[in-house]
Amino acid sequence: MKSVVRLLLFIFLAVIVFLGAVTMTFLIRGGAFYETQAIAPGSCKNIALTDGSAEDIQTDRLSKTAYLSVLDRRAIGGGKRLTGTILSLDLNAETPVPQPALTSQPDDFHPHGLSLFTNDSGQTSLFVLNHAQDGEKVELFIKQNDDTAFEHIRTYSSPLLIEPNDIVAITESSFYVANDSGASNPLERAAEMLLAIGLSPLVYFDGTTFSTPADDLKSAGGINVNQERTKLFVGETLGKSIKVYDLNADGALYGDPKTIALKGGVDNIDIDENGVLWIANHTNTLSLIKHFTDAASPAPTQIQTITFDAEDEADITTVYEEDGTTFSAGSVANKVEDRILMGSITEKRVRICQMQGE
C-alpha cells in the first residue's frame with residue numbers, strides 16, 4: 001500500500017513540476033519579465049486614421065507614397081463584421097493626410113498583409129491578404145505609372161492559405177505567403193502556443209501553382225525579400241527569430257535556412273533602400289493579448305534594425321521602444337529617407353518619427 005502511495009505522490013509531484021516548467025517557459029517566452037526601455041530616434045507625432053488601424057504598411061520609395069492596410073481590428077475582434085480598405089500617405093508632405101488608394105475593391109474586404117512590386121515598364125502591383133468570410137484570399141490590384149490609385153484585377157485562393165499573416169511579391173505574378181498557424185485541431189494549437197512547436201506552413205505561388213516549400217515555422221509573421229530577390233526573410237512570432245532562406249533565379253527556396261535570434265515576437269519586416277531590415281517586435285505577447293480585450297491596457301512597441309557585416313553576421317539595434325502608453329502594439333515600421341513611419345494592430349493612427357542627424 002505504501003509503495004502505491006509513494007508512486008501516486010511521485011506522479012503528482014512530477015505533474016506539478018512539469019506544469020510549473022511549462023508555465024514558466026510560457027511566461028518567459030511571452031515576455032512577462034521583459035523590462036521595456038524608453039527609446040526614440042527623434043521627435044515623433046501621430047497621424048489619425050478614422051476607419052481603423054494600419055497593421056501593415058508598404059512604401060513606394062520612388063514616389064515616397066506609403067500604402068496602409070486599414071481595418072478596425074478591435075471591432076472585428078469584438079464580433080463586428082466591417083469592411084476595410086487601403087489608404088495612402090504622401091510622405092513628401094510635412095504632415096501627410098490619408099487618402100483613398102483604390103478605385104475598386106471586393107465587397108468582402110478585410111485587408112491584412114501587403115506587398116508592392118513594380119515592373120520595368122512602371123506598372124505597380126499591390127498584393128493584399130484578404131480575410132474574407134468565404135475563405136482566405138490574395139487580392140491583386142494594379143496601378144499604371146501615371147495613375148494615382150489601384151484597380152482590383154484578380155483574386156487568388158487556395159486551401160494552403162490557412163491563417164495568412166503576410167505576403168511578399170517575388171515577381172508581378174508570383175509571391176510567398178506566411179501562415180501564422182498550421183494547427184489542424186485544438187491540441188496542435190495548444191502545442192504551438194505553449195511549446196512553440198513549428199507547424200506553420202510557408203506558401204509559394206509560382207504564377208501557376210500553390211505549394212508549401214516549408215511547414216515547420218513557429219507562427220510565421222512578417223515576410224520580405226531583399227532587393228536582389230536572393231534572400232527571403234520570414235519572422236517567427238512564437239520562435240522569436242527570423243528565418244533567412246536562399247532563393248534561386250526562379251524564386252524557389254534552396255539549401256537550409258539560417259536563423260537570426262531576437263528577444264521579441266516578430267511581426268512585419270520592412271527593408272529600406274540600403275538593405276537594412278526594419279523589424280516590429282512584440283516584446284510582451286501576454287500584454288498584447290490583454291490589450292486586445294482591454295483598450296486601456298497598453299502593449300509595448302519595439303522597432304529594431306538588422307544590418308549584415310561582410311561575413312553575413314547580423315547586427316541588431318533597437319531604434320524605438322516604449323511601453324505602449326503613447327503607441328501600443330506597433331506592428332510595422334518603414335524608413336523613408338530621414339523619417340520612420342509606424343503602424344499598429346489596434347491604434348487608429350500611424351506614428352512618424354524624424355530621425356536625429358538625418
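Start at 1 with the first residue, then count along the sequence. Predicted model, so just to flag it, every value in this text is computed and none were measured.
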Participant: Taking side chain as C-beta onward, heavy atoms only, is Ile47 less than 4.5 Å from Pro98?
Facilitator: yes
Participant: Between Ser287 and Asn284, do the side chains contain an N or O donor and an N or O acceptor separated by less than 3.5 Å?
Facilitator: yes
Participant: Indicate yes or no for a side-chain donor-acceptor contact from Glu236 to the backbone of Leu238 under 3.5 Å, with no hydrogens or angles considered.
Facilitator: no
Participant: Looking at Ser328, is its backbone amide N or carbonyl O close enough to the side chain of Glu347 to form a donor-acceptor pair, meaning the two atoms are under 3.5 Å apart?
Facilitator: yes
Participant: State, to 0.1 Å, how close Pro201 and Gly182 come at their nearest heavy-atom pair, and which atoms those are.
Facilitator: CD-CA, 3.8 Å
Participant: In terms of hydrophobic clusters joined by side-chain contacts under 4.5 Å, are Phe205 and Leu253 together?
Facilitator: no
Participant: Walk me through it: do Thr124 and Phe150 pass the test side-chain contact (heavy atoms from CB on, under 4.5 Å)?
Facilitator: CA-CA 9 Å; Thr124 301; Phe150 287 89; 3.8 Å; yes
Participant: Give a yes-or-no answer on whether the side chains of Thr305 and Lys335 include a donor-acceptor pair shorter than 3.5 Å.
Facilitator: no
Participant: Between atom OG of Ser173 and atom CZ of Phe117, what is the distance when rounded to the nearest 0.5 Å?
Facilitator: 8.5 Å
Participant: Side-chain heavy atoms nearer than 4.5 Å, only ILVMFWY residues, links allowed to pass through others: does that put Leu89 and Ile57 together?
Facilitator: yes
Participant: A quick test of your reading: do over 12 heavy atoms of other residues, nucleotides or ligands sit less than 6.0 Å from CG of Asn185?
Facilitator: yes
Participant: Okay, side chain of Asn92, backbone of Ser63: is any donor-acceptor separation there less than 3.5 Å?
Facilitator: yes
Participant: If only atom types and distance count, is the side chain of Asp180 paired as donor or acceptor with the main-chain N or O of Asn165 below 3.5 Å?
Facilitator: no
Participant: Contact between Ile340 and Pro41 at the side-chain level, heavy atoms closer than 4.5 Å - yes or no?
Facilitator: yes
Participant: Please report the interatomic distance CG(Leu126) to NE2(His152), rounded to the nearest 0.5 Å.
Facilitator: 10.0 Å
Participant: Connecting only ILVMFWY residues whose side-chain heavy atoms lie within less than 4.5 Å of each other, what is the rest of Ile76's hydrophobic cluster?
Facilitator: Leu71, Leu82
Participant: If hydrophobic clusters are built by linking Ile, Leu, Val, Met, Phe, Trp and Tyr wherever their side-chain heavy atoms come under 4.5 Å apart, do Val266 and Ile271 end up in the same one?
Facilitator: yes
Participant: For side-chain contact (heavy atoms from CB on, under 4.5 Å), just list the numbers for Ile345 and Leu288, CA-CA rounded to whole Å, side-chain angles, deciding distance to a tenth of an Å, and then say yes or no.
Facilitator: CA-CA 10 Å; Ile345 300 174; Leu288 180 63; 4.3 Å; yes
Participant: State the CD1-OG distance between Ile303 and Ser331, to the nearest 0.5 angstrom.
Facilitator: 8.0 Å
Participant: Could you walk me through whether Glu55 and Asp267 satisfy the side-chain contact (heavy atoms from CB on, under 4.5 Å) test, starting with their C-alpha distance in whole Å, then the side-chain angles of each, then the deciding distance to 0.1 Å, before giving a yes or no?
Facilitator: CA-CA 9 Å; Glu55 191 278 340; Asp267 206 321; 3.3 Å; yes
Participant: Report the distance from atom OG of Ser200 to atom NZ of Lys218, rounding to the nearest 0.5 Å.
Facilitator: 11.0 Å
Participant: Is Asp246 paired with Lys258 through a side-chain N to carboxylate O contact shorter than 4.0 Å?
Facilitator: no
Participant: Using the rule side-chain hydrogen bond (donor to acceptor under 3.5 Å, both in side chains), only one of Asp272, Asp270, Asn334 pairs with Trp278; which is it?
Facilitator: Asp272
Participant: Taking the inter-plane angle between the rings of Tyr204 and Tyr176 on a 0 to 90° scale, is it parallel (under 30°), tilted (30 to 60°) or perpendicular (over 60°)?
Facilitator: parallel
Participant: Is it true that a side-chain atom of Gln105 and a backbone atom of Phe109 form a donor plus acceptor pair closer than 3.5 Å?
Facilitator: no
Participant: CD/Gln144 to OG/Ser121 distance, rounded to the nearest 0.5 angstrom?
Facilitator: 7.0 Å
Participant: According to the interplanar angle, ranging from 0 to 90°, do the rings of Phe175 and Phe127 count as parallel (below 30°), tilted (30 to 60°) or perpendicular (above 60°)?
Facilitator: tilted
Participant: Going through the distances and angles, do Glu337 and Met355 end up as a side-chain contact (heavy atoms from CB on, under 4.5 Å)?
Facilitator: CA-CA 9 Å; Glu337 294 185 345; Met355 299 183 68; over 6 Å; no
Participant: For Gln302, is there any backbone N or O sitting under 3.5 Å from a side-chain donor or acceptor partner on Asn281?
Facilitator: no
Participant: For Tyr245 versus Ala214, what's the shortest heavy-atom pair and its separation?
Facilitator: OH-CB, 4.0 Å
Participant: Between atom CG of Asp72 and atom NE2 of His110, what is the distance when rounded to the nearest 0.5 Å?
Facilitator: 11.0 Å
Participant: State whether the side chain of Asn274 and the backbone N or O of Val276 hold a donor-acceptor pair below 3.5 Å, judged by distance alone.
Facilitator: no
Participant: Test side chain to side chain donor-acceptor pair (under 3.5 Å) on Arg73 and His112 and set out the steps.
Facilitator: CA-CA 10 Å; Arg73 292 171 174 84; His112 196 157; 5.6 Å; no
Participant: Is there a path from Ile279 to Val332 through hydrophobic residues (I, L, V, M, F, W, Y) whose side chains come within less than 4.5 Å of each other?
Facilitator: no
Participant: Between Gln37 and Thr318, is there a side-chain heavy-atom distance shorter than 4.5 Å?
Facilitator: no
Participant: Would you say that Phe308 contacts Lys231 through its side chain, given a criterion of any heavy-atom pair below 4.5 Å between the two side chains?
Facilitator: no
Participant: Quick check: do Ile242 and Ile306 have side-chain heavy atoms less than 4.5 Å from each other?
Facilitator: yes
Participant: Following the transitive rule for hydrophobic clusters with a side-chain heavy-atom cut-off under 4.5 Å over Ile, Leu, Val, Met, Phe, Trp and Tyr, establish whether Leu217 and Ile223 coincide in one cluster.
Facilitator: yes
